[in-house]
There are 2 protein chains.
Amino acid sequence: MTQDDLDAEVAELLSEFDQRYTAGRKRLVSTLSAGAGPLTITEILAADNTQAQSSVYRNLTILESVGAVTRIVTSDEFARYELAERFTEHHHHLICNSCGSVEDFALDASVEKTLDDALHHAAERSGFRVQEHRLDLLGLCRNCS
Amino acid sequence: MTQDDLDAEVAELLSEFDQRYTAGRKRLVSTLSAGAGPLTITEILAADNTQAQSSVYRNLTILESVGAVTRIVTSDEFARYELAERFTEHHHHLICNSCGSVEDFALDASVEKTLDDALHHAAERSGFRVQEHRLDLLGLCRNCS
DNA sequence: CTCAGTGCAAAGGATTTGCATGCCG
DNA sequence: CGGCATGCAAATCCTTTGCACTGAG
């Protein structure tokens with residue numbers, strides 16, 4: 001997906017909720033889109049210091065509420081944000097226990113399928129309605145190991 | 001594993017780090033062991049109000065540092081704690097997007113094996129050294145759906 | 001003109017820490 | 001006795017919110 005396509009789709013999502021696609025929000029989407037994984041507020045501010053921290057929080061909250069970005073928490077005390085899955089490939093995270101960095105990775109489609117089937121089956125037994133799954137690996141990244 | 005066995009092993013872990021297995025810590029282990037899933041500080045305090053909140057935080061931190069309990073964060077703003085995996089069966093979490101409750105569930109050993117192999121393989125490609133994996137399901141629990 | 005979006009500073013809330021006291025070893 | 005553990009309260013730090021101002025439509 002090109003940046004223009006992305007912008008158009010995010011704008012569409014926002015408009016459905018009577019929200020504008022302002023310059024600040026556009027920059028956030030662009031920054032997240034450029035990252036190799038979910039970014040912390042600090043990282044976002046470092047990459048784009050054109051807006052106040054509170055605006056970043058507010059805009060990310062709005063982008064999340066319309067389904068354009070996803071907020072994730074790993075283990076450390078910083079929340080991270082990434083583009084919603086509709087704009088990316090389904091993927092998982094490599095979380096470094098040492099430096100806290102988070103990187104994306106994907107699984108074979110066949111494994112993903114097996115997993116998904118097993119998950120739905122297991123959840124059914126508990127009367128749980130699955131909306132999505134979250135699979136992360138914890139360990140040491142290339143730099144820290 | 002009986003409560004006595006559990007106590008003995010936790011005591012052993014603590015002693016390796018020159019930490020005592022005090023009454024407060026013992027109660028925490030017992031409380032966590034009784035829960036159907038990871039508990040929040042609030043839930044822990046509700047189940048055992050014999051120690052100050054700060055002591056609960058401090059003791060949980062110590063228990064985590066010696067590997068007796070695990071701290072997990074889901075999506076909401078409350079951290080949760082559960083007994084470390086060495087004291088439980090390998091399991092995953094059903095996280096309710098509505099009420100925030102967290103329940104345990106397990107996967108077939110064969111699926112778990114397939115998954116684990118695929119994960120190690122995928123991580124290798126990124127130069128990542130896997131220590132553990134974390135797999136949670138997000139959706140609606142029996143009560144909320 | 002109007003009203004959402006923004007920046008700044010102050011408030012909130014989970015978690016941590018300083019300090020004096022109590023208790024185990 | 002000595003030092004770790006604890007309670008209480010104050011401090012931290014990420015995140016949220018109040019308020020006045022700006023800018024797009």
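Please read these numbers as outputs of a predicted model, since none were measured by experiment.
Using a 4.0 Å cut-off between charged side-chain N and carboxylate O, A/Arg80 and A/Glu43 make a salt bridge.
The side chain of B/Tyr57 has C/dA14 as its nearest neighbour among D/dG7, D/dT15, C/dA14.
The distance between atom CG of B/Leu14 and atom P of C/dG25, rounded to the nearest whole Å, is 13 Å. Computed from coordinates, the B/Glu77 CD to C/dT15 P distance equals 9 Å when rounded to whole Å.
Results of the side-chain contact (heavy atoms from CB on, under 4.5 Å) test with A/Phe78 over A/Ile41, A/Thr40, A/Leu39 single out A/Thr40 as the only residue that passes.
At least one side-chain nitrogen or oxygen of B/Ser55 sits closer than 4.0 Å to the OP1 or OP2 atom of D/dG7.
A/Arg142 CZ to A/Leu94 CG: the interatomic distance, rounded to the nearest 0.5 Å, is 10.5 Å.
B/His90 and B/His133 have their aromatic ring centers within a separation under 6.0 angstrom.
Apart from A/Val73 itself, the hydrophobic cluster it occupies contains B/Val73, where clustering links Ile, Leu, Val, Met, Phe, Trp and Tyr at side-chain heavy-atom distances under 4.5 Å.
Using a 3.5 Å distance cut-off with no hydrogens or angles, the side chains of B/Asp108 and B/Ser110 do not pair a donor with an acceptor.
Remark: B/Arg58, B/Asn59 in residues 58-68 of chain B come within less than 4.0 Å of DNA chain D through at least one heavy atom. Residues from residues 18-53 of chain A that place a heavy atom under 4.0 Å from any atom of DNA chain D, listed by number: A/Ile41, A/Gln53.
With B/Ser55 contributing its side chain and B/Gln51 its backbone, the two residues share no donor-acceptor pair below 3.5 Å.
Nearest heavy atoms, B/Leu63 versus B/Val66: O-CG2, 3.4 Å.
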